[in-house]
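Worksheet for the structure shown next.
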There are 2 protein chains.
Amino acid sequence: MTPIDKSLLTGSTTMLILKLLEGTDMYGYQMIEELNLRSNNVFQLKAGTLYPLLHSLEQKDMLASYEKTVEQARVRKYYSLTAKGRKYLREKTEEWQVYTAAVNHVLGGGSFATT
Amino acid sequence: MTPIDKSLLTGSTTMLILKLLEGTDMYGYQMIEELNLRSNNVFQLKAGTLYPLLHSLEQKDMLASYEKTVEQARVRKYYSLTAKGRKYLREKTEEWQVYTAAVNHVLGGGSFATT
DNA sequence: TTCTATATATAGATGATCTATATAAGGAGG
DNA sequence: CCTCCTTATATAGATCATCTATATATAGAA
């Protein structure tokens, strides 16, 4: 078993964003709402967290973006998954499973003395 | 469903340490080895992470410590769970379950268009 | 004697997330 | 009409967990 990427502990946000985009292209504000909805209000992602994250993911070619004007004048910036982003999502999802399995193993391991 | 403590994403280390001590009193170095063992090498906690964490947990009355001299001259600092630490462990374990359930719900949610 | 493992400790860097703030346009209520 | 709330994106600065690097000291192995 290889050691897991430490940033997963804190970095599950990226994985969740990519997962949302696996379904449809979305714009930032919509992602915040969707995550909140699909997680039963557990994830209340802040705009100040999301937008810089989207920019950095686009820079890394995980995401591509395009603008779309809706209802008269409002402009939204839609994001879509790239092939690279799709691959990254697969990897992170696997790591997440390894990580949670390990935590649950420790948590469920009961109290056996090892003195 | 109340929003979860954000530090859980990154803060599962504290929970795991407390969980170890639920079984027996342990000294720092031993915790690193035990975590590595019980998690199949997924958690390779660094000394530079653990010791400051133990100090801060002791300051917050989550842990109590005592020294013990073993094999001639070697001195080890053992830590034990306090009542407060035990309570905190229960709370964090619950939050962990809520958090992982939410992530898994998003991950398993499939790709249904919400355009 | 030198290297590795045991054992604890602290300083400084990194990185993810948050708060606060800014801009701008639309709709609702007074 | 004016003000407030929601939608929508954006950036600067703060916070906090963890990591790397380093230090000290002892024991045992090469």
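When the C1' atoms of four end pairs are superposed on the next four at each end of the helix from C:dT1-D:dA30 to C:dG30-D:dC1, using five pairs per end, the two resulting axes differ in direction by 0°, to 10°.
Set against C:dT8, C:dT17, D:dA10, the side chain of A:Thr49 has C:dT17 as its closest nucleotide.
For A:Asp61, there are no side-chain hydrogen bond (donor to acceptor under 3.5 Å, both in side chains) partners at least two apart in sequence or on another chain. Judged as a salt bridge (charged side-chain N to carboxylate O under 4.0 Å, His left out), and not counting sequence neighbours, B:Lys60 has no contacts. Partners of A:Lys84 according to the salt bridge (charged side-chain N to carboxylate O under 4.0 Å, His left out) rule, which considers only residues two or more places apart in sequence or in another chain, do not exist here. B:Tyr78 pairs by the ring pair (Phe, Tyr, Trp, His ring centres under 6.0 Å) definition with B:Tyr27, B:Tyr66, not counting sequence neighbours. Every salt bridge (charged side-chain N to carboxylate O under 4.0 Å, His left out) that B:Glu91 has, sequence neighbours left out, goes to B:Lys87. With sequence neighbours excluded, the residues forming a side chain to side chain contact (heavy atoms under 4.5 Å, CB included) with B:Thr93 are A:Leu107, B:Met15, B:Leu89, B:Gln97, listed by chain and number.
In this structure, the OH atom of B:Tyr29 is 19 Å from the P atom of D:dT24, given to the nearest Å. Protein atom NZ of B:Lys46 is 19 Å distant from nucleotide atom P of C:dA9, rounded to whole Å. The CG-P distance, from B:Leu35 to D:dT18, rounds to 11 Å in whole Å. Straight-line distance from the CD atom of B:Glu34 to the C1' atom of C:dT6: 16 Å, rounded to whole Å. Between the OH atom of A:Tyr66 and the P atom of D:dA8 there is a distance of 15 Å, rounded to whole Å. For the pair A:Leu45 CG and C:dA16 P, the computed distance is 14 Å after rounding to whole Å. If you measure from atom CE of A:Met26 to atom P of D:dT9, you get 13 Å, rounded to the nearest angstrom. Atom CZ in A:Arg76 sits roughly 14 Å away from atom P in D:dA10 (whole-Å rounding).
At a threshold of 4.0 angstrom between heavy atoms, the contacts of B:Gly28 are confined to the sugar-phosphate backbone, with no base atom among them.
Between B:Thr13 and D:dT18 there is a side-chain polar atom (N or O) within less than 4.0 angstrom of OP1 or OP2. Side-chain N/O atoms of A:Lys77 include one lying less than 4.0 angstrom from OP1 or OP2 on D:dA10.
Between the side chains of B:Tyr99 and A:Ser12, at least one donor N or O lies within less than 3.5 Å of an accepting N or O.
Interface residues of residues 50-63 of chain B facing DNA chain C, ordered by number: B:Tyr51, B:Pro52, B:His55; criterion, heavy-atom separation under 4.0 Å.
Screening residues 48-59 of chain A for side-chain hydrogen bond (donor to acceptor under 3.5 Å, both in side chains), with sequence neighbours left out, gives A:Glu58-A:Ser65.
The minimum heavy-atom distance linking B:Ala47 with B:Pro52 is given by the pair O-CD, 4.0 Å.
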